[in-house]
Amino acid sequence: MEKNGRIRVRFAPSPTGYIHVGNARTALFNWLFARQNGGIFVLRVEDTDIERSREEYERNLIQDLRWLGLDWDEGPDAGGNFGPYRQSERLELYHRYANQLLEEGKAYYCFCTAEELEKEREAALAEGRMPVYSGRCRNISLKEARLRLAAGEAGAIRLRVPDEGSIQFEDIVRGLVEFDLKLIGDPIIVRSNGMPAYNYAVVIDDALMKITHVIRGEDHVSNTPRQIILYRALGWEPPVFAHLSMVMGKDNTRLSKRHGATSVDQFRREGILPEALCNYLAFLGWSPPEGQEVLTLEQLVRLFDLRRVSRSAAIFDYEKLYWLNRQHIKLLRYEKKLELALPYLQEAGYVGTEVTPEQREWLEKAVEILIEGVDKFSQLPGKFSLLFDYQPENLDAEARSIVQADSARKVLVAFIQKTAGLNEFNYEIFAAITGEIKKETGVKGKDLFHPLRVALTARASGLELDKFIPLVEEGSRFDWPRKLKNCLERIREFSRILEA
RNA sequence: GCCCCUGUCGUCUAGCCCGGCCUAGGACAUCGCCCUUUCAAGGCGGCAACACGGGUUCGAAUCCCGUCGGGGGCGCCA
């Protein structure tokens with residue numbers, strides 16, 4: 001695929017906000033392609049939009065990519081032989097080549113005002129034509145233009161695009177793509193404020209950074225012919241292109257805030273595993289030939305194939321992401337599960353900043369048990385609430401109706417009596433007592449256990465009691481920011497409520 | 001408006017290039033059953049799609065044309 005030497009790809013975000021999952025997918029596909037081919041992955045920051053770019057966003061961007069598990073060989077923080085890697089630091093380069101194009105007559109100064117251009121646009125639209133720059137300033141000589149510039153007039157630089165013919169290119173995912181040159185106006189390459197325009201800066205950068213494959217979003221397809229013309233004007237060989245379809249929300253519009261979490265940052269906060277997010281993102285438009293579903297980054301690197309990427313847009317499905325996240329959570333070791341869970345438990349106020357080794361051991365056990373069926377780590381405190389928050393005074397409707405049944409009364413009264421004198425409790429004792437109650441009252445199965453569950457947990461559902469009781473008994477021996485009540489304390493509290 | 005791309009279960013997709021092996025496969029979701037002292041997890045099973053209309057062909061999800069739907073683009077934004 002490569003003509004000579006190593007494959008070089010790049011991810012070139014602009015630091016204007018948090019990194020979106022659509023961009024993250026583009027980054028991932030570039031990274032996968034680089035890694036599976038022993039290529040170079042470069043990170044370039046496109047910060048020519050001074051109004052919107054912020055340094056803080058660049059830091060977030062780097063942090064998010066690292067968190068995802070992607071690494072780059074060259075970049076603003078990593079260095080490299082083709083730097084600088086921030087467009088704002090490459091201005092001199094853009095000017096040098098713009099001058100060359102100007103001198104060779106391949107580009108020219110344009111003095112049209114925004115209003116004039118807008119008028120032309122509207123006229124074209126009204127006539128049912130594609131709005132294309134008229135070329136009004138094409139014949140202004142360089143000499144004249146420089147005079148006008150010197151006189152203080154503002155001018156932008158446009159690339160001269162041939163009027164006839166077409167531009168073709170072979171896109172790895174879309175196949176042969178062709179554009180009619182009649183529909184492409186002369187694009188601005190340098191704005192009147194001296195800043196390079198996107199279409200120009202990318203070409204200079206990609207060429208100078210020796211990028212061999214440009215893998216980016218579908219929204220750039222129609223920019224590609226302009227860029228190819230630029231490569232040719234500069235006498236450079238264009239790279240191979242691959243345009244990825246868009247990522248949409250449920251309603252088939254571009255994924256946005258109102259669809260839910262959309263930034264990598266948000267998914268991290270919610271407790272989605274990076275490997276799960278990468279796995280999911282890779283499956284948006286791609287699938288391995290054997291149909292495997294749960295894959296690690298290393299497996300993705302091995303199986304990924306750019307040629308198998310779908311051309312149609314994909315809808316982001318949170319449910320499937322959560323399912324993959326559950327699968328990846330299952331793959332984690334218990335120490336790792338606790339490590340990831342701890343911040344959420346601390347934030348919920350269940351666990352303090354200091355954790356003793358004994359507490360850690362208990363927490364590992366608790367997380368292992370309670371994480372079953374959890375979509376993301378942020379849901380874990382809700383599960384721990386079963387252990388730490390015992391509030392028999394506010395039962396929900398279901399729990400109340402369970403307790404109010406006639407047979408339930410009998411069971412509860414017997415249970416309270418039998419536990420009254422105890423100062424020790426465990427699951428064996430619980431099993432023995434329930435056996436006796438079953439014999440004495442004749443109540444069994446669900447009617448027997450359900451009221452007892454409500455008495456011990458103040459909820460209608462939750463963990464199996466054979467797991468719950470040992471966990472609570474052991475956990476209640478430790479000091480927690482919020483007291484963890486043991487079973488006997490719960491029963492006594494419950495009996496007081498029952499009497500009232 | 002104009003240009004380009006795209007269209008298989010609700011969703012992600014396999015199959016399409018190289019027509020028959022497709023009574024269209026898998027996964028998520030959903031529904032049911034099993035397991036179980038509840039829920040979940042797990043196991044088993046069900047529902048569910050070739051956008052539509054014309055061709056070509058003995059035969060079309062697969063090839064061709066059109067219609068409709070969806071997306072992208074048409075900036076001195078990136």
Side-chain angles (χ1 to χ4, degrees), chain A residues 12-14 16 46-49 51-53 87 110 112-114 117-118 121 124-133 154-158 171 173-175 177-180 182-185 187-199 201-202 216-225 243 245-246 248 250 252-254 280 283-294 308 310-324 326 330 370-374 383 398 402 434 438 444-454 457 459-466:
Chain A
S14 40
T16 54
E46 308 216 327
D47 57 350
T48 51
D49 185 347
E51 329 269 83
R52 296 193 296 150
S53 297
Q87 288 191 329
C110 172
C112 294
T113 61
L117 294 171
E118 185 52 33
R121 245 183 74 84
L125 245 28
E127 283 172 49
R129 293 193 331 262
M130 215 164 119
V132 170
Y133 176 62
I157 303 173
R158 284 185 190 269
D171 187 299
V173 342
R174 321 193 79 80
V177 181
E178 181 170 7
F179 282 90
D180 188 341
K182 280 201 276 294
L183 301 168
I184 299 172
I188 301 251
I189 57 174
V190 178
R191 294 180 248 168
S192 53
N193 68 2
M195 289 302 268
Y198 166 79
N199 273 311
V202 249
R216 64 199 344 177
E218 189 194 354
D219 45 341
H220 292 288
V221 184
S222 54
N223 282 325
T224 309
H243 289 96
S245 62
M246 304 273 91
M248 316 296 278
K250 257 244 158 334
N252 240 304
T253 60
R254 263 175 129 138
Y280 180 69
F283 274 76
L284 245 28
W286 172 80
S287 62
E290 310 289 326
Q292 309 94 308
E293 298 262 346
V294 182
R308 274 181 72 87
S310 161
R311 284 179 294 270
S312 52
I315 292 173
F316 194 94
D317 181 4
Y318 292 88
E319 288 303 328
K320 189 138 188 184
L321 203 216
Y322 293 153
W323 176 77
L324 274 171
R326 288 196 300 260
K330 279 187 197 164
L370 288 165
I371 203 144
E372 281 276 318
V374 162
K383 295 280 191 171
E398 194 191 350
I402 289 166
T434 52
K438 184 172 154 188
K444 57 180 179 169
K446 193 171 170 174
D447 292 334
L448 171 62
F449 289 100
H450 224 156
L452 296 176
R453 162 183 295 288
V454 175
T457 70
R459 276 159 235 241
S461 67
L463 266 186
E464 292 93 329
L465 293 176
D466 61 342

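Throughout, a chain's letter reflects where its sequence line sits, starting with A, and its residues are numbered from 1. Computed from a predicted model, the values in this text were never measured in an experiment.
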note: A/F283, atom CZ; B/rU13, atom P; distance rounded to Å ~ 11 Å
Check the interface with nucleotides 40-42 of chain B: list each N/O to N/O pair with the protein under 3.5 Å, or write none.
{"from": "B/rA41", "atom 1": "O2'", "to": "A/E372", "atom 2": "OE1", "distance (Å)": "3.4"}
{"from": "B/rG42", "atom 1": "OP1", "to": "A/K330", "atom 2": "NZ", "distance (Å)": "3.2"}

For the P atoms, the ones on B/rG10 and on B/rA51, what distance do you get once it is rounded to whole angstrom? 12 Å
B/rU30 -> Watson-Crick or G-U wobble partner, both distances under 3.5 Å, gives B/rG46
What is the nucleic acid contact for A/G291, judged by heavy atoms within less than 4.0 Å: base, sugar-phosphate only, or nothing? nothing
Notebook entry, point to check: Okay, side chain of A/S287, backbone of A/F283: is any donor-acceptor separation there less than 3.5 Å?
Noted result: no
Value for OG1 (A/T16) from CG (A/D47), rounded to nearest 0.5 Å, stands at 10.5 Å
On a heavy-atom basis, the closest approach of A/E293 and A/K320 is OE1-NZ, 3.4 Å
Separation between OG (A/S461) and CD1 (A/I402), nearest 0.5 Å, reads 8.5 Å
From CG of A/D466 across to C1' of B/rU38 the rounded distance in Å is 12 Å
Distances for protein N or O near nucleotides 43-52 of chain B N or O, under 3.5 Å:
none

Once you apply a heavy-atom cut-off of 4.0 Å, does A/R308 come out as touching a base, just sugar-phosphate, or nothing?
sugar-phosphate
note: A/Y322, atom OH; B/rU11, atom C1'; distance rounded to Å ~ 15 Å
Gap in Å between the two P atoms, one belonging to B/rC22 and one to B/rC58, rounded: 23 Å
- Query: Expressed as a whole number of Å, how far does the C1' atom of B/rG42 sit from that of B/rG19?
  - Reply: 42 Å
Applying the 3.5 Å cut-off to both distances, the Watson-Crick or G-U partner of B/rG1 turns out to be B/rC74
Smallest heavy-atom separation, A/S14 atom then A/E46 atom, equals CB-O, 3.0 Å
Does any donor-acceptor pair link the side chain of A/K320 with the base of B/rA27 at a separation under 3.5 Å? yes
Open item on the list: With a 3.5 Å distance limit and no angle check, can you tell me whether A/R216 reaches the backbone of A/V221 through a side-chain donor-acceptor pair?
Closed with: no
Residue set satisfying ring-ring contact (aromatic ring centres under 6.0 Å, His included) with A/H450, at least two apart, ordered chain then number -> none
Atom CD of A/E290 and atom C1' of B/rG25 are separated, to the nearest Å, by 13 Å
Taken to the nearest whole Å, CD/A/E293 to P/B/rC28 is 7 Å
Here the distance between atom C1' of B/rG10 and atom NZ of A/K250, to the nearest Å, is 7 Å
Check your understanding: Mind checking the P distance from B/rA40 to B/rC33? Whole angstroms is fine.
Key -> 12 Å
All N/O pairs under 3.5 Å across the protein-nucleotides 7-9 of chain B interface:
none

dist A/T457:OG1 -> A/L465:CG (nearest 0.5 Å) comes out at 7.5 Å
Rounded to whole Å, the CD-P distance (A/E319 to B/rA29) equals 7 Å
Minimal heavy-atom distance between A/H243 and A/V173, with the atoms involved, is O-CG2, 2.9 Å
Using a strict cut-off of less than 4.0 Å between a Lys/Arg side-chain nitrogen and an Asp/Glu carboxylate oxygen, indicate whether A/E372 and A/K383 qualify as a salt bridge. no
Are the charged groups of A/R311 and A/D171 less than 4.0 angstrom apart, N to O?
no
Applying salt bridge (Lys or Arg N to Asp or Glu O under 4.0 Å) to A/R121 and not counting sequence neighbours gives A/E118
**Study point:** P gap between B/rU23 and B/rC34, integer Å
**Key:** 34 Å
Checking N1-N3 plus N6-O4 or O6-N4 for Watson-Crick, or N1-O2 and O6-N3 for wobble, each under 3.5 Å, the partner of B/rG7 is B/rC68
Item to check | Nearest-angstrom distance, P atom, B/rG70 to B/rU8 | outcome: 14 Å
A correct 5'-to-3' footprint of nucleotides 62-78 of chain B, with B, S and - meaning base, sugar-phosphate only and no protein heavy atom under 4.0 Å, is --------SBSBBSBSB
*What is the ring orientation for A/Y318 with A/Y322, classed by angle as parallel under 30°, tilted 30 to 60°, or perpendicular over 60°?*
tilted
Rounded to the nearest 0.5 Å, the CE atom of A/M248 sits from the OG1 atom of A/T253 at a distance of 6.0 Å
Distance check, P atoms only: B/rA41 and B/rA24, in whole angstrom units. 29 Å
One should read off an interatomic distance between A/L321 CG and A/R326 CZ, to the nearest 0.5 angstrom, of 11.0 Å
Using a heavy-atom cut-off of 4.0 Å across all strands, would you classify A/G185 as base, sugar-phosphate, or nothing? nothing
Atom CG of A/L321 and atom P of B/rA27 are separated, to the nearest Å, by 19 Å
Applying a 4.0 Å non-hydrogen cut-off, can you work out what A/R453 is touching in the nucleic acid: base, sugar-phosphate, or nothing?
base
- Query: Can you tell me how far C1' in B/rA29 sits from the matching atom in B/rC65, rounded to whole Å?
  - Reply: 38 Å
**Q.** Verdict with supporting geometry, A/R191 and A/T48, side chain to side chain contact (heavy atoms under 4.5 Å, CB included)
**A.** CA-CA 11 Å; A/R191 294 180 248 168; A/T48 51; 4.0 Å; yes
